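In what follows, residues are counted from 1 in the order of the sequence shown. Counting convention: from 1, in listed order, for ligands and their atoms alike. Note that this is a predicted model, so its numbers are computed, not measured.
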Amino acid sequence: MDMQAVLEEIHEAVRPMIGSGTVAEYIPRLAAVNPDQFGMSVVMNDGTSYGVGDCEVPFSIQSISKVFTLVLTLDRDGDEIWTRVGREPSGAAFNSLAQLEYKRGIPRNPFMNAGALVVTDHLLGLSEAGEQPLLELLRAEAGNPAIAPDPLVAASEADHADRNSSIAYLLSSFGNLRNPVGDVLAHYFEQCAIAMSTRDLAAAGAFLARGGIRQDGTPVLSPRQAKRVNAVMLTAGFYDAAAEFAYRVGLPGKSGVGGGILAIVPGKCSICVWGPGLDSSGNSMIGMAALDEFTSRTGWSVF
Ligand code: GLN
């Protein structure tokens with residue numbers, strides 16, 4: 001298969017959609033991003049990479065960071081995190097706190113904000129002072145030492161944090177945060193504010209397509225753990241649109257309100273697509289369409 005040609009065909013097919021959807025308005029700095037952008041990258045399991053459009057433009061990874069904080073937690077502390085967070089789909093918005101009250105502070109899964117805040121708290125407890133495990137992982141896997149948070153995005157989110165603060169205080173009231181609420185939120189906003197291109201992210205996620213193993217044969221995760229991360233991406237990566245993504249695309253994936261989506265074809269490749277315009281669930285509209293085109297054209301889906 002000529003992957004570069006496939007990506008170029010997809011780019012043509014989705015071109016009329018460029019700019020559609022709504023940029024994330026609740027984080028003013030993200031609302032200022034030019035919506036007329038589109039990029040897509042594929043990293044094959046043999047390491048070859050392909051890209052089209054704005055595939056080298058850094059964007060805010062937002063909730064895609066949640067995949068990598070979960071990976072780090074599983075790697076450092078095994079299944080311990082599952083005593084604090086569930087792994088069932090929520091059927092609710094990414095920033096919902098409705099279920100937290102009756103689940104007594106145990107979030108439904110690690111990919112909604114409530115769950116990610118607990119994962120961030122857990123990872124903080126496993127890290128040395130001053131250590132930046134997420135940045136180190138992303139830089140190493142993407143092969144790009146320049147990857148960093150955008151401080152303006154982090155500050156913008158911190159300035160408009162009523163919702164995430166409410167979730168964090170509710171978690172804390174149930175005893176499911178071990179660090180001060182302010183510290184957990186600050187780390188969470190920094191993680192979400194990391195800027196990467198689709199090329200960086202497709203490369204950073206490639207171990208998930210290789211059963212947890214890097215191209216050089218060293219492990220990031222065991223095959224069993226990688227299988228589980230992919231399973232949670234499939235069932236919970238898109239909040240109340242997880243089933244819609246499975247229906248249209250049929251791959252494990254994770255979206256972010258910066259407009260990125262990371263998707264994994266186990267055994268074959270890692271894909272990242274970006275377009276800032278979101279649908280009502282907070283998932284990139286053009287990203288969904290491009291991945292729908294990708295799996296329909298290649299036949300590469302888990303179904
Ligand atoms: N930083 C965002 C928030 O907490 C992440 C949400 C997302 O990407 N879905 O609201």
key: Asn164 heavy atom under 4.0 Å from ligand 1   = yes

task = Give the contacting part of Arg163 toward ligand 1: side chain, backbone, both or neither, where contact means a heavy-atom distance below 4.0 Å.
result = neither

inquiry  = Looking only at the side chains, is there a donor atom on one of Ser301 and Thr295 sitting less than 3.5 Å from an acceptor on the other?
reply    = no

query = Just checking, is any N or O donor in the side chain of Asp121 or Asn179 under 3.5 Å from an acceptor N or O on the other one?
reply = yes

ask   = Nearest to atom 2 (C) of ligand 1, what protein heavy atom do you find, and at what distance?
value = Gln62 OE1, 3.0 Å

ask   = With a 4.0 Å cut-off, would you call Glu141 and Arg214 a salt bridge?
value = yes

request  = Kindly state each residue pair satisfying salt bridge (Lys or Arg N to Asp or Glu O under 4.0 Å) with at least one member in residues 189-208, sequence neighbours excluded.
outcome  = Glu56-Arg199

ask   = Can you tell me which residue and heavy atom of the protein come closest to atom 4 (O) of ligand 1, and the distance to 0.1 Å?
value = Tyr188 OH, 2.6 Å

query = What residue and heavy atom of the protein are closest to atom 10 (O) of ligand 1, and at what distance?
reply = Tyr26 OH, 2.5 Å

task = Give the residue, atom name and distance (to 0.1 Å) of the protein heavy atom nearest atom 3 (C) of ligand 1.
result = Glu157 OE2, 3.0 Å

ask   = Under 3.5 Å, side chain of Ser296 to main-chain N/O of Glu293, donor-acceptor pair present?
value = no

remark   = Checking heavy atoms under 4.0 Å, the part of Val257 that sits near ligand 1 is both

task = If you have a sec, work out which protein heavy atom is nearest atom 7 (C) of ligand 1 and how many Å separate them, to one decimal?
result = Ser63 OG, 2.5 Å

inquiry  = Testing the 3.5 Å rule here: is there a donor-acceptor pair between the side chains of Tyr239 and Ser96?
reply    = no

Report, one line per pair, each donor and acceptor closer than 3.5 Å where one atom sits in a side chain of residues 18-27; sequence neighbours left out.
from: Ser20; atom 1: OG; to: Met17; atom 2: O; distance (Å): 2.5

inquiry  = List ligand 1 atoms under 4.0 Å from Cys192, heavy atoms only on the residue side.
reply    = 1 (N)

